[in-house]
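The model shown is predicted, which means the values in this text are computed figures rather than measured ones.
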Amino acid sequence: MSIIEAPVTKPAKKKAANSRGESGVGRANLLVRLVVLVLCVLWLLPSLGVLVTSFRNLDAANTTSWWNAILHPSTFGFTTSNYSDAINNAALGPAFMNSLAIALPATVIPILIAAFAGYAFTFMKFKFRDTIFILIVSMLVIPNYVAFVPMLKIYGNFHIAGTFPAAWLAHIGFGMSMAVYLIRSYMSTLPTSVIESAKIDGASDYQTFYRLVLPMSVPILASFAIFQFLWVWNDLLVALVFIGPGENAPITVATSQLMGQHSEGWNLVTAAGIITAILPIVVFLALQRYFIRGLTAGSVKG
């Protein structure tokens, strides 16, 4: 009789233990989801305020807060003219094209240079390789603004201040260290057997880079492209220092000109901000499948 009862009682205890474990895991998952939900709500609140203010008229935006407009819809002051006024008053059309003319070269050129550098630091042997790499990465600790004065003097000597090349060189220089670090870290995780096989077959470094390493490095290239494009597109400091207001002004500078001397025009600034954010959102959604994959691949080798 004991032989029959033994297999009945043991699974019952195991099942009870599993149920307690599953309930504990379920509570932990619920807590994590609640924390993530709270963080997402807090993160999205400023964006919600910008969106609401962009659809309010000048009097409503200056007299009541955006959350008051949600709680009391009668004070909302709904209007869609802010978008047309922002486009016309700040000339956002030409400014949009100026931002594209700045952001695209300032994104593509660092990726190309850093891809070659990443391959050299990973698969090529030369003197002081690690020392040079450490020096390049150490540039990340230097604040960008400490180089503004000497760069402005150099640009003035070459008569390129206020032009697109001035912004290109600034963004390329400031973003190169991060690009080399990320791409080199990713390439170090690629299988060396493939590279060695290509060299045994007589492939040159250029052929190995172009036909093998570059296609396998698409995730990290796309990840850095997102970072660099968003940084350049949303930049205001470099744009003000090296370009400033005028016919070459990017969309961030044009948007900042909408604010009046007495903090008036928040409704137009928020409308222009929504217009400015459309393209970065599209770029991020188009490349998001590479984003996490590219950033995490270089964190653990193997």
Side-chain angles (χ1 to χ4, degrees), residues 40 43-55 80-112 114 144 162-176 178-179 182 218-259 265-295:
C40 290
W43 184 268
L44 291 175
L45 275 178
S47 300
L48 177 61
V50 171
L51 180 63
V52 170
T53 306
S54 68
F55 287 102
T80 59
S81 62
N82 292 333
Y83 289 88
S84 59
D85 293 342
I87 293 174
N88 296 328
N89 294 347
L92 292 187
F96 186 92
M97 299 307 298
N98 292 338
S99 291
L100 276 180
I102 295 172
L104 291 180
T107 302
V108 174
I109 295 175
I111 291 177
L112 293 177
N144 297 340
T163 62
F164 292 153
W168 295 343
L169 293 174
H171 287 299
I172 291 171
F174 296 149
M176 189 60 64
M178 178 61 72
L182 291 177
V218 169
I220 190 60
L221 298 179
S223 299
F224 179 75
I226 294 175
F227 271 125
Q228 183 72 358
F229 183 85
L230 295 182
W231 178 39
V232 177
W233 183 269
N234 295 322
D235 171 75
L236 177 61
L237 179 60
V238 173
L240 281 174
V241 173
F242 296 110
I243 295 182
E247 60 179 9
N248 292 331
I251 197 168
T252 51
V253 176
T255 300
S256 66
Q257 303 301 311
L258 290 171
M259 180 61 65
W266 278 112
N267 54 326
L268 300 182
V269 173
T270 53
I274 296 296
I275 297 173
T276 304
I278 293 175
L279 184 59
I281 292 174
V282 172
V283 171
F284 180 80
L285 294 178
L287 301 177
Q288 64 174 337
R289 62 193 180 110
Y290 298 110
F291 188 68
I292 301 299
R293 182 178 157 199
L295 291 182

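Residues L100 and L279 meet the side-chain proximity criterion, which asks for heavy atoms closer than 4.5 Å. Taking 4.5 Å as the limit, some side-chain heavy atom of F174 sits within range of a side-chain heavy atom of W231. When side chains are defined from C-beta on, T107 does not count as touching F224, because their heavy atoms never get closer than 4.5 Å.
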For a side-chain hydrogen bond (donor to acceptor under 3.5 Å, both in side chains) check, start with the C-alpha distance between N82 and N267, then their side-chain angles and the critical distance, and finish with the verdict. CA-CA 6 Å; N82 292 333; N267 54 326; 3.0 Å; yes
Run the side-chain contact (heavy atoms from CB on, under 4.5 Å) check on V253 and L236 step by step: do they pass? CA-CA 6 Å; V253 176; L236 177 61; 4.0 Å; yes
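For the pair W168 (side chain) and A101 (backbone), a donor-acceptor distance under 3.5 Å is present. Using a distance-only test at 3.5 Å, with no hydrogens or angles considered, no donor-acceptor pair links the side chain of D85 to the main chain of L268. Proximity of a side-chain donor or acceptor of T270 to a complementary backbone N or O of S54 within less than 3.5 Å is detected. Checking side-chain atoms of Q228 against main-chain N and O of A106 turns up a donor-acceptor pair under 3.5 Å. Between the side chain of N248 and the backbone N or O of G162, at least one donor-acceptor pair lies under 3.5 Å.
For the atom pair I274 CD1 and L51 CG, the distance stands at 5.0 Å (nearest 0.5 Å). Note that CG of L237 is 8.0 Å distant from CZ of F242, once rounded to the nearest 0.5 Å. Atoms CG and CD1, on D235 and I251 in that order, are 13.5 Å from each other to the nearest 0.5 Å. Atom OG1 of T252 sits about 7.5 Å away from atom CD1 of I102, to the nearest 0.5 Å. Between the CG atom in L92 and the OG1 atom in T255 there is a gap of 5.5 Å [rounded to 0.5 Å]. Separating the CG atom in L169 from the OG1 atom in T163 is a distance of 8.5 Å, to the nearest 0.5 Å.
In this structure, V238 and A170 approach most closely via the heavy-atom pair CG1-CB, 3.9 Å. Heavy-atom minimum distance, A249 versus G244: CB-O, 3.5 Å. Counting all heavy atoms, side chain and backbone alike, A254 lies closest to A95 at CB-CB, 3.7 Å. Between A179 and P110 the shortest heavy-atom distance is CB-O, 4.4 Å. Residues P280 and L230 share a closest heavy-atom pair of CB-CD2, 3.2 Å.
Between F55 and Y83, the angle of the ring planes lies from 30° to 60°, which puts this pair in the tilted group.
For F96 and W233, the gap between ring centers is short of 6.0 Å.
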